[in-house]
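One structure is given here, and the rest of the page talks about it.
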Amino acid sequence: MEFSAKDIALFLHGHVIGDENVKVNNFSKIEEGKPGTITFLANPKYTHYIYTTQASIVLVNKGFVPDGDIKATRIEVDDAYACLAQLLNMANQARPEKKGIEKEAHIEPSAKFSDSVYIGAFAYIGENCILGKGCKIYPHVYLGENVKIGDNTIIYPGVKIYHDCVIGNRCIIHAGAVIGADGFGFAQHEGTFMKISQIGNVVLKDDVEVGANTTIDRATMGSTVIHQGVKLDNLIQVAHNVEIGEATVMAAQCGIAGSTKIGSHCMMGGQVGIAGHITIGDHVNLGAQSGVPNSVESGSNLLGAPAIPARSFAQSAVLTRKLPELNRTIGELQKEIKRLKQKLGE
């Protein structure tokens, strides 16, 4: 489908600068723009590309003042990145919808679902499962007994959801994720490790997105809870009895140990490691590869391992780069002190 700059501006409540009749039918990155595509400029690091891009339309933030000639038509909006997301979502929704039940799927007679669901080939729907309206269960998905899936949730190929787990409305679980595997619970007994049965479950509230090959372990007792709007990247480990607050986001390869409580609206970079049985407050930012051994107050901004305030980490990093120079200076001072002692002794 093609859309003109005028149509797009109306949809985004933006303002056109240039040819309002120019049309696009695809997206592109600003540095790789091609005629007939729309791109965006949100990061100042990419500003220089706007003068050379071949894209037909560029979304820019209101107040953008160019330093030179721009060939592309611009659409000024309040937030170029957010507006791009709206357009991408619209384009994604225009794709043909999967519907119906493919004949190779296995569905236990006690499972309940509406006519609006999609269940792909070789999916397994266990006893007493409940699927909400508009669910999409892609091929090779496994749903254990008593699993409940909310309305309009998408479960991509190869996802495994163990028994008794509950998934909310409008969730997205990407390929290979495992929800509800046993938590890592063992007790030492007579020189061996005795398994502690994990009899709880996992609860994902509404609008949660779980990345590919991420694992969320079931609780020993009670529930591992992922609250509304949480976004988890690929390859994240969430251990048993963890609780993650609303609208918290985590980048790839984070690891959260058991029984830790994480607040709402937190942001964590890649490979953050958080110890067990601690509490992370609300609105906490943890930089990539931070190691967090203790509880963290709300509003903290930490980096490093062990994690310390970001400002202190930056100061320490500067000093670390100067260590060779400081080491040479100390060596010279030690030699000077030795010479002075020799003179005083004479």
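Since this is a predicted model, take the numbers as computed values, not measurements. For the numbers below, each heavy atom of this structure counts, side chains included, while hydrogens, waters and symmetry mates do not.
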CD1/Ile130 to CG/Leu143 distance, rounded to the nearest 0.5 angstrom?
-> 12.0 Å
Is it the case that one hydrophobic cluster holds both Leu88 and Val77, taking links as side-chain heavy atoms less than 4.5 Å apart, direct or via other members?
-> yes
Does the side chain of Val242 come within less than 4.5 Å of Ile274's, by heavy atoms?
-> no
Are the side chain of Thr153 and the backbone N or O of Cys171 linked by a donor-acceptor pair below 3.5 Å?
-> yes
Can you name the nearest heavy-atom pair linking Ser56 to Val24, along with the distance?
-> CB-CG1, 3.8 Å
More than 12 heavy atoms of other groups within 6.0 Å of Met221 CE | no
Flag if over 12 foreign heavy atoms under 6.0 Å of CG, Asp115 = no
So does Tyr124 have more than 12 non-hydrogen atoms from other groups sitting under 6.0 Å from OH?
-> yes
Pair Glu108, Asn128: side-chain N/O donor-acceptor within cut-off below 3.5 Å = no
Hey, any chance Val296 and Ile244 share a hydrophobic cluster, counting ILVMFWY side chains that come within less than 4.5 Å of each other, even indirectly?
-> yes
Start with the C-alpha distance between Ser110 and Glu127, add both sets of side-chain angles, then the distance that settles side chain to side chain contact (heavy atoms under 4.5 Å, CB included), and finish with yes or no.
-> CA-CA 5 Å; Ser110 56; Glu127 294 179 359; 3.6 Å; yes
Minimal heavy-atom distance between Ala80 and Leu41, with the atoms involved, is CB-O, 3.6 Å
Examine Val202 and Val166 and state if one hydrophobic cluster contains both, with Ile, Leu, Val, Met, Phe, Trp and Tyr joined whenever side-chain heavy atoms are less than 4.5 Å apart.
-> no
Compare all side-chain heavy atoms of His15 with those of Ile17 and state whether any distance is below 4.5 angstrom.
-> yes
What distance do Lys34 atom NZ and Gln54 atom CD have between them, rounded to the nearest 0.5 Å?
-> 11.5 Å
Any donor-acceptor pair under 3.5 Å linking the side chain of Thr53 with the backbone of Ile50?
-> no
Does Ser4 reach the main-chain N or O of Lys23 with its side chain, forming a donor-acceptor pair under 3.5 Å?
-> no
Candidate pair Val159 and Val210, rule side chain to side chain contact (heavy atoms under 4.5 Å, CB included), full reasoning | CA-CA 10 Å; Val159 170; Val210 177; over 6 Å; no
Check the hydrophobic clustering (I, L, V, M, F, W, Y; side-chain heavy atoms under 4.5 Å; chains of links allowed) and say if Ile57 and Phe3 are grouped together.
-> yes
pair Gln86-Phe11: side-chain heavy atoms closer than 4.5 Å = yes
Side chain proximity check, Ile149 to Phe113, heavy atoms < 4.5 angstrom = no
Step by step, work out the side chain to side chain contact (heavy atoms under 4.5 Å, CB included) result for Thr39 and Glu31.
-> CA-CA 9 Å; Thr39 188; Glu31 67 272 29; over 6 Å; no
More than 12 non-hydrogen atoms from neighbouring residues, nucleotides or ligands closer than 6.0 Å to NZ on Lys205, yes or no?
-> no
Are Ile173 and Leu204 side-chain neighbours, meaning at least one heavy-atom pair lies under 4.5 Å?
-> yes
Lys261 NZ to Thr279 OG1 distance, which is reported to the nearest 0.5 Å | 8.0 Å
Taking all heavy atoms of Lys195 and all of Phe186, pick out the closest pair and write down the distance.
-> CA-CD2, 3.7 Å
Other residues, nucleotides, ligands: >12 heavy atoms within 6.0 Å of Tyr81 OH = no
Expected output: side-chain Asn241 to main-chain Ser259 donor-acceptor under 3.5 Å | no
Checking Glu102 side chain against Ala121 main chain: does a donor-acceptor pair fall under 3.5 Å?
-> yes
Intermediate values then yes/no, salt bridge (Lys or Arg N to Asp or Glu O under 4.0 Å), Asp151 and Lys133 | CA-CA 5 Å; Asp151 296 343; Lys133 297 176 183 178; 6.0 Å; no
Without swapping roles, check the side chain of Thr214 against the backbone of Leu235 for a donor-acceptor pair under 3.5 Å.
-> yes
Any chance you could lay out the side-chain hydrogen bond (donor to acceptor under 3.5 Å, both in side chains) test for Gln271 and Gln289, step after step, and finish with the verdict?
-> CA-CA 5 Å; Gln271 297 185 333; Gln289 296 189 327; 2.6 Å; yes
Spatial distance of atom OH (Tyr51) from atom CD1 (Ile30) [nearest 0.5 Å] | 10.0 Å
Does Ile8 reach the side chain of Ile75, with side-chain heavy atoms less than 4.5 Å apart?
-> yes
Check the side chains of Ser223 and Asn201 for a donor-acceptor pair under 3.5 angstrom, ignoring hydrogens and angles.
-> yes
Out of curiosity, does Val208 fall in the hydrophobic cluster containing Val147 (side-chain heavy atoms, cut-off under 4.5 Å, transitive links)?
-> yes
Would you find more than 12 non-hydrogen atoms of other residues, nucleotides or ligands less than 6.0 Å from Lys160 atom NZ?
-> yes
At their closest point, which heavy atom of Gly270 faces which heavy atom of Ala251, and how far apart are they?
-> N-CB, 3.4 Å
Validation row: Phe40, Leu87 side chains within 4.5 angstrom (heavy atoms) | no
Quick one: are Phe27 and Ile38 in side-chain contact, heavy atoms under 4.5 Å?
-> yes
CG of Asp79 to CG of Leu59, rounded to nearest 0.5 Å, is 10.0 Å
With the threshold set at 4.0 Å, does a side-chain nitrogen-carboxylate oxygen contact exist between Arg339 and Glu336?
-> yes
Lys322 with Glu325: basic N within carboxylate O range, under 4.0 Å = no
Roughly how far, to the nearest 0.5 Å, is OG of Ser116 from CG of Leu131?
-> 9.5 Å
Where do Ile154 and Tyr138 land on the side chain to side chain contact (heavy atoms under 4.5 Å, CB included) test, with the steps shown first?
-> CA-CA 8 Å; Ile154 301 173; Tyr138 279 79; 3.8 Å; yes
Glu297 atom CD: more than 12 heavy-atom contacts under 6.0 Å | no
Please work out which of the three classes, parallel, tilted or perpendicular, describes the rings of His140 and Phe122, given edges at 30° and 60°.
-> parallel
Other residues, nucleotides, ligands: >12 heavy atoms within 6.0 Å of Lys231 NZ = yes
Thr320 and Pro324: which non-hydrogen atoms are nearest, and at how many Å?
-> O-CD, 4.1 Å
Which heavy atom of Thr224 sits nearest a heavy atom of Arg218, and at what distance?
-> OG1-C, 3.6 Å
Without hydrogens or angle criteria, can the side chains of Asn146 and Asp164 be said to hold a donor-acceptor pair below 3.5 Å?
-> yes
